Structure formats: C-alpha cells, structure tokens
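This report refers to the structure that appears directly beneath it.
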Amino acid sequence: MKNIVILGSTGSIGTSALDVIGRLGPAYQVLALSANNNTDLFLKQIHTFRPRFAAVLNPASYEKLKDQLPEGTQLLPPEIDSLMFMAALPSADLVVNGVVGAVGFRPLVAAIKAGKTIALANKEPMVMAGKTLMQECERWQAAIIPVDSEPSAIFQCLSGMADEHTYNQIAPVISRVFLTASGGPFAKREGSLEDVTPAEALNHPRWKMGKKITVDSSTLMNKGFEAIEIMNLFNLPEEKVQIVIHPQSIVHSAVEFNDGAIMAQLGEPDMRVPIQYAITYPLRAPSPVKKLNLFETAKLEFFKPDLDRFVCLDLALAAARAGGVTPAVLSAADEIAVQAFLDGKIKFTDISKLIYTTLRKVPATGGVATINQALEADTWAREQATAILNEGTYKGAVL
C-alpha cells in the first residue's frame, strides 16, 4: 500500500492525481490533502478520500471548513508549516507537490529532508535552486520524479539507467535532450502579440492547466523553466538541451545518447499518464487514457523556437547561464508579471519587459544558489518587480 500526500489538490495536477488514485484501487490511499481557497471542491475531495490530515492556506477557507470535516480528518492551521508537516509525515510513501509558484519550495525541502519520494509538478523550486535540491536528495536519500509531461518523458527514457537520487553517472552518455513544446496558442499567430488578451493566452490548444502555467506556456517561459529544471534534475549543461516546437504534442520529449540512438516517449496529450507513472513508479498500471493510434497521426512537425518573438524563453536561458540567484529572481518576477497581466494591469508583451527590468537589477553572483539564498532572492525579486510595476519603469525596456 502507498500512502500519498497531495499538496495542491484542487488544482489541475491535484484533481488529476485524485482521479488516478480513485481508479487505482485500495492499494493507494490518500493520507493528506492541501488546497488554497477552493473550499467547495476541497470539501468534496475530503469527504470522498477521507484523508488523515487536511490544510488550507487561506484563513477564510479555514474558517469555512473547520466545522464541516468528516470524523477522522484533522484540519491543520492555515500556514506553510502545515504543508511542511504533511510533506514530512513518517507514514507518507509519496508526496505529490502540485502547488503553484515558490510557495511549494519549503514543503519540498521538508519532504527531501524526510527522505521522501516526491512527484514534483511544481517546477519553480527546481528553477530557484535545483542543483542544491538534488544534492540534498542525494544526502537524504530522497527521490524526485518529475510530473510535467516533458520532464517525465525524459525521466521515463532514462528509467533503469540510474537511481533517482543522482544522475551524475549517466550524464556523460547523454548527447542531447530534445525538450518538446507545443508552442502554445500563438506559435503560428502572425503579427504583433501586444494586444493579446488574457482569455486568448489561457486558450491552450493542447493542454488544460492552471492559469499561471497556461500563460507561461503562451510566452514559452514554461519551457524555459523546464529547460532549467531538467538541467538541474539530470545534471546537464545548457548545450545538451535542445528545445523543439512540436505542435502535435505527441512526442513528449526524447533523449539522444552518445552512440546516436534516440529514445522518445510518445502518447496522447493527457496529464494523467505522467501523474499515474509517478504515483505507481516503478510499476505501470492500466489507465483510461486514450491510446495513441499511429495510423491516425497524420504528421509530426518540429520547429526551432523563435527567441526574438518569445523573449521570455530567451530570458530563461540567459538566467540559466548566469546562475547563482538569477533563476530564482526570474521565477519570482514572472509570477508578479503574469498576475499583473491576468489582472489587466499590463499588456502581454509587457510580461517579458517587467521580468527583464527586474533581472537587470540582479548583481552578478554566479555559482550555485543555496536554499536560503534562493528564498531571499525570491522575496527581493517580488519586491523589486512590484515596485517596477507600480512605477511603470518597465515600459521603456528595450529587449
């Protein structure tokens, strides 16, 4: 039996994970759930899966829920320490980290120090201090299994070649990693993207995801985050990561080895596949997901990304090269910029300008950011990006 903790159970990752667990049977039990403010859905999940612990970060949601939980479920205080407590529960066999943004950093560290296996959908921590987190995984014998479709595909291609604590020993035999991207809703859109609306940016052609990651996919920042994630997760230099626009989202990523052989993971675009693999790993179980029919797959297209048009991807790759706390600043500034766009405060093309203006304030540090340095940089960058947003100084940025 696997006891599973799900952080962020009402988001797209969390709801898919619960759908998978509900189909897998009694061998997979929900030990703890956390959410933010979707109390109605969260309450339904609690009554369905009867976790031992539950937590919401929103105090108003806590007040609404505290008298409605079934017997046997304990509601924890609305604070980040509750998520850290659940991530390190001694009886937890797997922690699914599906929270959005840097809020998932501290619970991830808690799970690592408890030696847990973590199904990681929250890529921001791996962007902020991925190399250090992987060193901590090796130290505490914790394991990270990526849940996002493309990093999961690479993980599956490498499965069995190394343990999940470190990939240092196999990095030399990897020639290249092909990290695929659908290109989002604007891959083939002609003309300026300046007047793109939030509704258009949220209309992803292939994947149904949360608002933040969907906007990141439309700017290709999400692919930049994934590039940094897999560099850190699999100990690869930037020159071994090739980003490829693949509109059909059938090839989820591929690995080329030094003998010229390429292994790829293919399938219909459905997040339940990588989520279920992370939950059942190292086993595979039947699923209701539509199976890929190669005869119906008319063609597979692959293109180079346009870095002049999708500046956020270029900024992400530049942050990876800069190292130090720069990726943490990138992640935090992106959160501020995306929310400002969704709130109608800035234009779509201002997202990259706000991030760029924030990055220009970062002192050249280089090296590998520690956990504390990454967290301090995250706080600093949010303050800087907010000030830049309020002052409007990003408007004159020339990228």
Side-chain angles (χ1 to χ4, degrees), residues 117-121 123 126-127 130-131 133-135 137-138 141-183 220 222-271 273-278 280-284 291-292 294 297 299-305 307 313 316-317 320-321 323 327 368:
T117 297
I118 303 119
L120 185 62
K123 59 178 66 64
M126 290 300 295
V127 171
K131 289 187 183 297
L133 292 173
M134 291 306 294
Q135 291 169 1
C137 281
E138 188 172 5
Q141 291 298 286
I144 291 178
I145 302 175
V147 166
D148 279 329
S149 178
E150 292 79 13
S152 172
I154 296 168
F155 178 83
Q156 292 182 58
C157 290
L158 297 175
S159 183
M161 297 185 65
D163 62 46
E164 299 78 36
H165 312 297
T166 176
Y167 287 85
N168 295 340
Q169 65 268 41
I170 64 168
V173 305
I174 298 174
S175 175
R176 283 182 296 178
V177 166
F178 297 100
L179 178 62
T180 59
S182 70
L220 292 193
N222 187 56
K223 205 50 51 178
F225 285 161
E226 286 182 0
I228 298 173
E229 178 185 10
I230 65 172
M231 288 177 208
N232 292 332
L233 185 62
F234 302 111
N235 192 36
L236 297 173
E238 182 191 354
E239 58 267 22
K240 286 192 175 185
V241 179
Q242 183 167 340
I243 298 172
V244 179
I245 303 300
H246 171 48
Q248 292 77 26
S249 296
I250 295 297
V251 177
H252 297 297
S253 277
V255 178
E256 179 185 71
F257 297 96
N258 57 7
D259 61 358
I262 297 177
M263 293 184 67
Q265 190 259 322
L266 286 70
E268 291 287 345
D270 192 317
M271 279 302 299
V273 173
I275 290 171
Q276 178 169 299
Y277 184 69
T280 63
Y281 180 84
L283 305 176
R284 290 187 182 269
K291 303 302 187 290
L292 179 64
L294 290 176
T297 305
K299 62 179 179 179
L300 301 177
E301 299 174 293
F302 304 94
F303 308 100
K304 289 184 177 180
L307 298 182
L313 176 56
L317 297 176
R321 290 191 291 271
V368 177

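As the structure is a prediction and not an experimental result, all values here were calculated from the model.
To the nearest 0.5 Å, the span separating CG on Leu317 from CD1 on Ile228 amounts to 7.0 Å. Taking CE of Met263 as the start and CG of Leu158 as the end, the distance is 8.0 Å to the nearest 0.5 Å. Between the CD1 atom in Ile230 and the OG atom in Ser152 there is a gap of 12.5 Å [rounded to 0.5 Å]. Between the CD atom of Gln265 and the SG atom of Cys157 there is a distance of 7.0 Å, given to the nearest 0.5 Å. From Ile174, atom CD1 reaches atom CD1 of Ile170 across 4.5 Å, with rounding to the nearest 0.5 Å.
Within the 4.5 Å cutoff, no side-chain heavy atoms of Gln242 are placed close to those of Val177. Counting heavy atoms from C-beta on, the side chains of Phe302 and Ile245 never come closer than 4.5 Å. In this structure, Ile118 and Ile145 have side chains that are not in contact, with every pair of non-hydrogen atoms separated by 4.5 Å or more. For the pair Arg284/Gln156, a side-chain contact is recorded, criterion being any heavy-atom separation below 4.5 Å from C-beta on. Between Met134 and Asn235 there is no side-chain heavy-atom pair separated by less than 4.5 Å. Counting only heavy atoms from C-beta outward, the side chains of Glu226 and Leu179 approach each other to under 4.5 Å. A heavy-atom distance below 4.5 Å is found between the side chains of Pro247 and Phe303. In this structure the side chain of Phe178 reaches within 4.5 angstrom of the side chain of Ile262, judged on heavy atoms.
The shortest heavy-atom contact between Lys240 and Ala171 is NZ-O, 3.3 Å. Taking every heavy atom of both residues into account, Leu266 and His252 meet most closely at C-CD2, 4.0 Å. Among all heavy-atom pairs drawn from His246 and Val251, the shortest one is NE2-N, 3.0 Å. The two residues Glu150 and Thr180 make their nearest non-hydrogen contact at CG-O, 3.2 Å. Ser249 and Ser182 make their closest contact through OG-CB, 3.3 Å (heavy atoms, listed as atom of the first residue, atom of the second, distance). A pairwise comparison of heavy atoms in Pro146 and Leu233 identifies CG-CD2, 3.7 Å as the closest pair.
Checked against the 6.0 Å centroid criterion, the rings of Phe155 and Tyr281 qualify as a close aromatic pair.
Salt bridge absent: Lys291 and Glu268 never bring a charged side-chain N and a carboxylate O closer than 4.0 Å. Using a 4.0 Å cut-off between charged nitrogen and carboxylate oxygen, Lys299 and Glu301 count as a salt-bridge pair.
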